[in-house]
Amino acid sequence: MSATKKLFIKTYGCQMNVYDSERMAEAMGGQGYVTTDSPDDADMILLNTCHIREKAAEKVYSELGRYKGLKAEKPDLKIGVAGCVAQAEGAEIMRRQPLVDLVVGPQSYHRLPELEARARAGEKALDTDFPAEDKFDHLAARPKAKRGPSAFLTVQEGCDKFCAFCVVPYTRGAEVSRPADRILAEARDLVERGVREITLLGQNVNAYHGHERGLAGLIRDLAGIDGLARIRFTTSHPNDMDDDLIAAHGDCDKLMPYLHLPVQSGSDRILKRMNRQHTRDQYFAIIDRLRAVRPDLHLSGDFIVGFPEETETDFADTMELIERVGYGSAFSFKYSTRPGTPAAERDQVPEDIKDDRLQRLQALITRQQRAVQDAMVGREVAVLFEKPGRMAGQMVGKSEHLHAVHVTAEGLAPGDLRRVRIVGSGPNSLSGVLI
Ligand code: 5AD
Ligand code: SF4
């Protein structure tokens, strides 16, 4: 047997899981594991899961079922479930799918090497604690390998808001912020390794309180790092958009003009039932203030259709809110009943009505998104190039507004930040020429 073992990680759900998967891969690097792109040659398979909607959670079990043959061929193969399904269902996962050797919740990743050793010794290993220590401190330091130009950095986890539909406060726990000095050190290290854009992550990132001046203070300190060109953050709650964070959108050049600010519904009646703690007018007021300091800000959002008791009038309010805001992009979902959350007990909207509303809402969003994208044609933008495109000589990067931009030119490399004139707008991306 070779000395290095292979780890296959499959990541579901949000960007925080993407970041966690990277960190888990690094922690397992200390145990002699290298990552592989295929489950077929893996010594360990880890599914980093999402529990936000029923469909996401069920995917995990169908994926696990597929590994039956592999496990029969290779009895030494260890299979683990990490992430929010692990937290929500714990030992139940092993009962429902006995192939699983190891279950680890999102706050216990630093214990993964120890859990893996226990699984190797033949135990069923489980850890879904919420330990007091910071898991990131205990994870192995990132090796000094070169990185792509864009990176995620988790600064905050958990949520204290308890929206009536959402499992996050239960799966990820209470709001916790990482200390600013650790984040700044991690950011400097990323920049030394080639990163030029950092997206700060948190379930409620703008509730960050690990810096005495909150998220805006952290962003301003990060902006002082030479070589770091762009800062983004996601995902935010309207009630945590404080004065300084709004001001930063106007006066911090490195903070990109794109903001994901979910509102979920445009109906005050539904917002109240969702326990969102704000009205539609308060949401409009925040957007007006943001646009006053940064007129070209592109907004993005999340919407839930068919929340319990949502009427056609409530839905019309959501459509009207979308018309009024004009989103650069948005994510929309049919309400999914989550066990243990308050809304699960209420009168549900029939599935066919949810389907119909989702279709209408998505058609509107697609129209807006396309109009915002088409309006970029003829404009000059800055593009941070990330990787080669599908055509020879083509490179793909992101504009300040997070549009994918394709450019065909000689000598472009990942990490280049160049001025580009936009010449075309396709279904999901722009094309441009170097200036
Ligand atoms: N059903 C549908 N969508 C949900 N979201 C969260 N919980 C649910 C649910 N039970 C959506 C919200 C949130 C996004 C991450 O997922 O829109 O902002
Ligand atoms: Fe869930 Fe609401 Fe917290 Fe967002 S703010 S994670 S939707 S409870």
Novice: Can any side-chain N or O of E89 pair as donor or acceptor with the backbone N or O of A57 at less than 3.5 Å?
Specialist: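 Such a contact is absent between E89 side chain and A57 backbone.
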
Novice: Test your reading of the model: is there a side-chain donor-acceptor pair from R280 to the backbone of G266, 3.5 Å cut-off?
Specialist: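 Yes, because the side chain of R280 sits within donor-acceptor range (under 3.5 Å) of the backbone of G266.
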
Novice: Under 4.0 Å between a Lys/Arg side-chain N and an Asp/Glu carboxylate O for E351 and K354?
Specialist: yes

Novice: Test: side chain to side chain donor-acceptor pair (under 3.5 Å). Region: residues 246-256. Which pairs qualify, not counting sequence neighbours?
Specialist: R220-D251

Novice: Give, for atom CD1 of I365 and atom CD1 of I322, the distance between the pair rounded to the nearest 0.5 Å.
Specialist: 4.0 Å

Novice: Using modelled atom types only, decide if a donor and an acceptor are shared between the side chain of E123 and the backbone of A125 within a distance under 3.5 Å.
Specialist: no

Novice: Would you check if there is a donor-acceptor pair between the side chains of N206 and H237 at a distance under 3.5 Å?
Specialist: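 Side-chain D/A pair, H237 to N206: absent.
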
Novice: Specify whether F165 and F307 have parallel, tilted or perpendicular ring planes, treating 30° as the upper limit for parallel and 60° as the lower limit for perpendicular.
Specialist: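 Ring orientation of F165 relative to F307: perpendicular.
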
Novice: Considering all heavy atoms of both residues, which atom of P169 and which atom of C159 are nearest to each other, and what is their separation?
Specialist: CB-O, 3.5 Å

Novice: Considering non-hydrogen atoms only, spot the tightest contact between E400 and A382 and give its length.
Specialist: OE1-N, 3.2 Å

Novice: Under the criterion salt bridge (Lys or Arg N to Asp or Glu O under 4.0 Å), I'd like the reasoning laid out for R289 against D243: C-alpha separation, chi angles, the key distance, then a yes or no.
Specialist: CA-CA 9 Å; R289 291 178 62 204; D243 294 348; 3.0 Å; yes

Novice: Would you call I183 and T154 a side-chain contact if the rule is heavy atoms closer than 4.5 Å?
Specialist: no

Novice: Flag the pair D101 and R118 as a salt bridge only when some basic side-chain nitrogen lies within less than 4.0 angstrom of an acidic carboxylate oxygen.
Specialist: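 Answer for the salt bridge query: no.
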
Novice: If only atom types and distance count, is the side chain of Q15 paired as donor or acceptor with the main-chain N or O of F152 below 3.5 Å?
Specialist: no

Novice: Ignoring hydrogens, what is the shortest heavy-atom contact between A25 and T35? Give both atom names and the distance.
Specialist: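 Residues A25 and T35, closest heavy atoms: CB-CG2, 3.6 Å.
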
Novice: For D317, is there an ion pair with R324 - N to carboxylate O distance below 4.0 angstrom?
Specialist: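 Salt bridge: no.
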
Novice: Can you list the steps and then say if D189 with R147 is a salt bridge (Lys or Arg N to Asp or Glu O under 4.0 Å)?
Specialist: CA-CA 10 Å; D189 176 65; R147 297 268 315 211; over 6 Å; no

Novice: H406: which residues meet the ring-ring contact (aromatic ring centres under 6.0 Å, His included) condition with it, sequence neighbours left out?
Specialist: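 Residues passing ring-ring contact (aromatic ring centres under 6.0 Å, His included) with H406: none at all.
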
Novice: For ring-ring contact (aromatic ring centres under 6.0 Å, His included), just list the numbers for H260 and F331, CA-CA rounded to whole Å, side-chain angles, deciding distance to a tenth of an Å, and then say yes or no.
Specialist: CA-CA 10 Å; H260 184 65; F331 304 89; 5.7 Å; yes

Novice: Give the C-alpha distance, both sets of side-chain angles, the deciding distance and a yes or no for salt bridge (Lys or Arg N to Asp or Glu O under 4.0 Å) between D20 and R172.
Specialist: CA-CA 13 Å; D20 284 346; R172 290 271 175 168; 3.1 Å; yes

Novice: Which is it for K334 and E310 under the salt bridge (Lys or Arg N to Asp or Glu O under 4.0 Å) test, yes or no, and what are the steps along the way?
Specialist: CA-CA 12 Å; K334 284 190 285 179; E310 184 188 70; over 6 Å; no

Novice: Report yes or no: does K55 contribute a side-chain atom to a donor-acceptor pair with the main-chain N or O of S336 at less than 3.5 Å?
Specialist: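 Not confirmed, K55 side chain does not pair with S336 backbone.
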
Novice: Does the pair K161/D240 count as a salt bridge with the N-to-O cut at 4.0 Å?
Specialist: yes

Novice: Do we see a donor-acceptor contact under 3.5 Å between the side chains of S108 and D129?
Specialist: no

Novice: Taking the side chain as every heavy atom from C-beta outward, state whether V349 and R357 have any pair of such atoms under 4.5 Å apart.
Specialist: yes

Novice: Mark yes or no for whether Y19, through its side chain, and A151, through its backbone, hold a donor-acceptor pair below 3.5 Å.
Specialist: no

Novice: Can E197 and S150 be counted as having a side-chain donor-acceptor contact under 3.5 angstrom?
Specialist: yes

Novice: Check whether the side chains of Q362 and S332 place a donor and an acceptor atom closer than 3.5 Å, and report yes or no.
Specialist: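 S332 and Q362 do have a side-chain donor-acceptor pair below 3.5 Å.
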
Novice: Would you check if the side chain of D314 reaches a backbone N or O of T311 as a donor-acceptor pair within less than 3.5 Å?
Specialist: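 It does hold such a pair.
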
Novice: Is a donor from one side chain sitting under 3.5 angstrom from an acceptor on the other, for T341 and Y170?
Specialist: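 On atom types as modelled, these side chains do not qualify, holding no pair under 3.5 Å.
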
Novice: Answer yes or no on whether R53 is positioned over the face of F333, meaning its NZ or CZ is under 6.0 Å from the six-membered ring centre and within 45° of the axis.
Specialist: yes

Novice: Do R273 side-chain atoms and P308 backbone N/O form a donor-acceptor pair below 3.5 Å?
Specialist: no

Novice: Are the aromatic ring centres of Y258 and F233 under 6.0 angstrom apart?
Specialist: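 For Y258 and F233, the ring centres are not under 6.0 Å apart.
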
Novice: Does one side chain, of S425 or Q373, offer a donor that lies under 3.5 Å from an acceptor on the other?
Specialist: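 Yes, a side-chain donor-acceptor pair sits under 3.5 Å.
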
Novice: Does a side-chain N-to-carboxylate-O contact under 4.0 Å join R178 and E186?
Specialist: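 Yes, charged N to carboxylate O under 4.0 Å.
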
Novice: Answer yes when R338 and E54 have at least one side-chain N-carboxylate O distance shorter than 4.0 Å, and no when they do not.
Specialist: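 No, R338 and E54 are not salt-bridged.
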
Novice: Within the structure provided, determine whether V433 and V420 are in side-chain contact (heavy-atom separation under 4.5 Å).
Specialist: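 With C-beta onward as the side chain, the pair stays apart.
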
Novice: Set out, in order, the CA-CA distance, both residues' side-chain angles and the distance that settles side-chain contact (heavy atoms from CB on, under 4.5 Å) for L321 and F284, then state yes or no.
Specialist: CA-CA 9 Å; L321 176 143; F284 288 136; 3.9 Å; yes

Novice: So do the side chains of R276 and P238 get within less than 4.5 Å of each other, counting heavy atoms only?
Specialist: yes

Novice: Could you tell me whether K398 and E386 make a salt bridge, using a distance below 4.0 angstrom between a side-chain N and a carboxylate O?
Specialist: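 Result for this pair is yes, salt bridge flagged.
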
Novice: Can you check whether F8 reaches K6 side chain to side chain, under 4.5 Å on heavy atoms?
Specialist: no

Novice: What I want to check is whether the side chains of N48 and S21 have a donor and an acceptor closer together than 3.5 Å.
Specialist: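 S21 and N48 do have a side-chain donor-acceptor pair below 3.5 Å.
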
Novice: Taking C-beta and beyond as the side chain, do S429 and V405 meet within less than 4.5 Å on heavy atoms?
Specialist: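 Of all side-chain heavy-atom pairs linking V405 with S429, none is under 4.5 Å.
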
Novice: Answer with yes or no whether the side chains of N275 and Q277 bring together a donor and an acceptor at under 3.5 Å.
Specialist: yes

Novice: Taking all atoms of both residues into account, what is the closest heavy-atom pair of A404 and N428, and its distance?
Specialist: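 Looks like CB-O, 4.3 Å.
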
Novice: So, Y109 side chain and A82 main chain: donor-acceptor pair closer than 3.5 Å or not?
Specialist: no

Novice: Give a yes or no on whether a salt bridge exists between D374 and R379, defined as a side-chain N under 4.0 angstrom from a carboxylate O.
Specialist: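 No.
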
Novice: Is L102 close to L112 at the side-chain level, that is, under 4.5 Å between some pair of heavy atoms?
Specialist: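 Result yes, sub-4.5 Å side-chain heavy-atom pair found.
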
Novice: Do Q97 side-chain atoms and I93 backbone N/O form a donor-acceptor pair below 3.5 Å?
Specialist: no

Novice: Which heavy-atom pair separates K124 from P98 by the least distance, and what is that distance?
Specialist: NZ-O, 2.6 Å

Novice: Taking K272 first and then D268, would you say they form a salt bridge - that is, a charged N and a carboxylate O separated by under 4.0 Å?
Specialist: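 Looking at K272 and D268, the cut-off is not met.
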
Novice: Taking the side chain as everything from C-beta on, heavy atoms only, tell me whether Q87 gets closer than 4.5 Å to H51.
Specialist: no

